[in-house]
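Labels below follow one simple rule: chain letters A, B, ... track the order of the sequence lines, proteins then strands, and each chain is numbered from 1.
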Amino acid sequence: MKHIISIRDFTREELDGLLDHARRIEQGGYAGNELAGRILALLFFEPSTRTRISFETAMARLGGERISLDCVEASSIVKGESLADTIRVISGYADAIVLRHPKEGAARLAAEFASVPVINAGDGAGQHPSQTLLDLYTIREHLPLRGIEIGLLGDLRYGRTVHSLTYALSLYDVMVHAIAPEGLKLPQNVIHEMKEREMEVHEWSDISKIIGDLDVLYVTRIQRERFPDAASYYSVASSYRVTPELLAGGKPHLIVLHPLPRLDEIDPRVDSLPHARYFEQARNAVPVRMALLKEVMG
Amino acid sequence: MSNAAGKALLISPIRNGTVIDHISAGEALNVLKILGITGSTTECLSIATNVTSGRIGKKDIVKIENRELKKEEVDRIALIAPKATINIIRNFGVFEKKGVRIPPVLKGVVRCPNPGCISNTMEPIQSTFEVIPKGLRCMYCDWVITKDIANYII
């Protein structure tokens with residue numbers, strides 16, 4: 001039984017295989033009934049738009065059915081049921097489980113108690129492996145995943161998409177620049193792992209110092225609740241804003257990605273520039289998640 | 001007073017049980033904590049701390065009467081006392097002598113320092129850490145502990 005819990009569990013060959021599979025799917029290489037008769041359970045204990053809907057779309061395109069826990073408040077969770085028990089029960093109803101949960105390691109726990117495959121759709125500030133796959137997919141559509149320089153910008157401490165992506169990038173020959181304000185830098189466990197994997201992470205606090213070297217700029221949202229007051233948030237957030245003026249100093253082929261939702265961190269004027277690839281990135285979620293669902297249930 | 005005489009005063013021999021020798025100085029109480037030996041234990045304990053040692057400078061010694069520690073118990077000690085030696089005593093003689101070897105995975109020994117980790121909730125799981133070259137990694141949330149491991153012992 002194959003679970004999708006953390007990018008750390010993957011080899012480069014496995015990642016490339018999934019990305020190749022997603023590419024074939026996007027080119028029409030699927031019948032539409034591969035998962036007919038199968039049921040996917042979507043358990044979202046935190047809000048989600050893109051992840052949840054793209055998993056539902058992916059399942060529908062493969063002919064499968066979905067069941068979901070729409071409202072935690074109306075479920076037995078409010079009665080104090082453990083996640084372990086919830087997972088054991090849902091395992092009896094579905095052929096695979098997609099789980100988003102506020103606690104780090106929740107998907108790993110779920111995999112221990114599930115009798116069907118579990119896909120981690122985000123566990124607290126931990127990992128978001130299916131997002132990473134579509135991030136890699138989008139980069140690979142434009143650039144080789146080798147010899148490029150990638151800037152990670154914003155909240156690198158709590159941003160699970162960044163943690164997953166950093167682990168994945170360590171499998172490829174890329175240079176990573178981590179650009180974050182004090183207090184939101186990459187966590188020590190990620191830095192530690194990158195050192196173990198002999199990948200150097202260059203840390204910056206000023207995006208303008210490095211923008212000219214980047215092939216990919218991966219932007220994440222700086223969350224207001226991480227700051228003691230509105231003034232300090234706006235002060236930091238404004239200096240991490242991606243604008244056409246900032247991108248004018250970048251390479252012509254630089255692509256800008258964002259896991260979305262974005263608030264103020266990318267100026268809407270960037271949307272019409274050739275650098276902007278974040279909506280394309282969101283679209284790529286469907287073929288990538290179709291490939292994942294086929295991988296665990298096919 | 002000779003060293004031998006000094007030791008004899010500090011800790012008397014035991015008839016049966018376990019002597020844990022060469023514990024890093026100051027770690028004896030943490031060793032007991034790892035072994036689950038608390039103030040309510042019925043076992044007869046002798047503890048000596050900061051004893052002069054030719055091998056490791058200063059050391060702690062723990063003697064536990066009428067209890068022979070199992071291998072999985074003593075291996076946990078390696079976390080904080082990697083040079084410890086375990087002597088199983090029977091009828092005042094050393095029946096078996098062994099070192100400690102840290103196991104690849106530790107279950108229920110160390111609490112994850114990450115407050116957001118699922119292992120710090122009421123879920124029916126034990127904390128689980130993978131032993132890595134520079135410390136421990138939580139197998140649930142990937143948090144790495146590289147120092148002050150004793151502070152996180154459950």
Side-chain angles (χ1 to χ4, degrees), chain A residues 3 5-9 45-46 77 79-88 99-114 118 120 122-129 157-160 162-164 166-168 170 186-198 226, chain B residues 24 27 30 33-34 36 72-73 75-76 78-82 100-154:
Chain A
H3 301 288
I5 305 300
S6 166
I7 284 291
R8 291 182 68 245
D9 302 333
F45 293 80
E46 277 188 330
I77 309 299
K79 298 177 189 168
E81 184 176 54
S82 67
L83 177 62
D85 280 1
T86 304
I87 292 294
R88 278 192 278 225
L99 175 71
R100 172 168 290 185
H101 196 277
K103 289 290 181 183
E104 285 141 65
R108 186 77 67 192
L109 174 146
E112 284 178 30
F113 289 91
V118 173
N120 183 6
D123 58 339
Q127 294 263 324
H128 196 349
R157 178 168 179 184
Y158 299 100
R160 58 190 168 210
V162 167
H163 303 162
S164 272
T166 309
Y167 284 123
S170 71
L186 273 178
Q188 274 312 302
N189 60 314
V190 178
I191 298 271
H192 185 272
E193 177 101 6
M194 293 308 108
K195 280 184 185 162
E196 274 187 358
R197 294 176 176 221
E198 296 178 349
R226 306 293 180 208
Chain B
S24 313
E27 297 289 356
N30 283 325
K33 199 172 166 188
I34 287 180
E72 58 268 27
E73 288 180 298
D75 282 347
R76 291 173 168 196
L79 265 182
I80 55 169
V100 294
R101 192 178 60 82
I102 197 158
V105 173
L106 291 167
K107 269 188 172 287
V109 179
V110 175
R111 175 177 46 80
C112 182
N114 175 9
C117 179
I118 194 81
S119 68
N120 287 322
T121 65
M122 298 301 285
E123 294 292 338
I125 52 169
Q126 285 187 303
S127 76
T128 307
F129 281 82
E130 174 190 10
V131 178
I132 58 174
K134 288 181 181 167
L136 303 174
R137 180 194 308 283
C138 175
M139 291 182 74
Y140 286 101
C141 74
D142 292 336
W143 196 280
V144 174
I145 308 176
T146 54
K147 54 187 177 182
D148 301 329
I149 289 172
N151 291 346
Y152 303 108
I153 292 168
I154 293 170

### Query
Of the listed residues (B:C112, B:C141, B:P115, B:C138), which shares the most heavy-atom pairs with chain A below a 4.5 Å separation?
B:C141

Between these two chains, chain B and chain A, I want each donor-acceptor atom pair under 3.5 angstrom written on its own line with its distance.
residue, atom, partner, partner atom, Å
B:N114, ND2, A:E104, OE1, 2.7
B:G116, O, A:E104, N, 2.9
B:I118, N, A:E104, O, 2.8
B:E123, OE1, A:L83, N, 3.1
B:E123, OE1, A:A84, N, 3.0
B:E123, OE2, A:L83, N, 2.6
B:R137, NH1, A:E193, OE1, 3.0
B:R137, NH2, A:E193, OE1, 2.6
B:M139, O, A:R108, NE, 3.4
B:Y140, OH, A:E112, OE1, 3.1
B:Y140, OH, A:E112, OE2, 2.5
B:D142, O, A:N189, ND2, 3.3
B:D142, OD1, A:R8, NH1, 3.1

#### Entry: B:I145 versus chain A, the contacting section by heavy-atom distance below 4.5 Å
neither

### Message
Taking side-chain contact (heavy atoms from CB on, under 4.5 Å) as the definition, give me every residue that meets it alongside B:I34, ordered by chain and number, with sequence neighbours left out.
### Response
B:R76, B:I80, B:I153

### Query
So how far is it from B:I118 CD1 to A:L109 CG, rounded to the nearest 0.5 Å?
5.5 Å

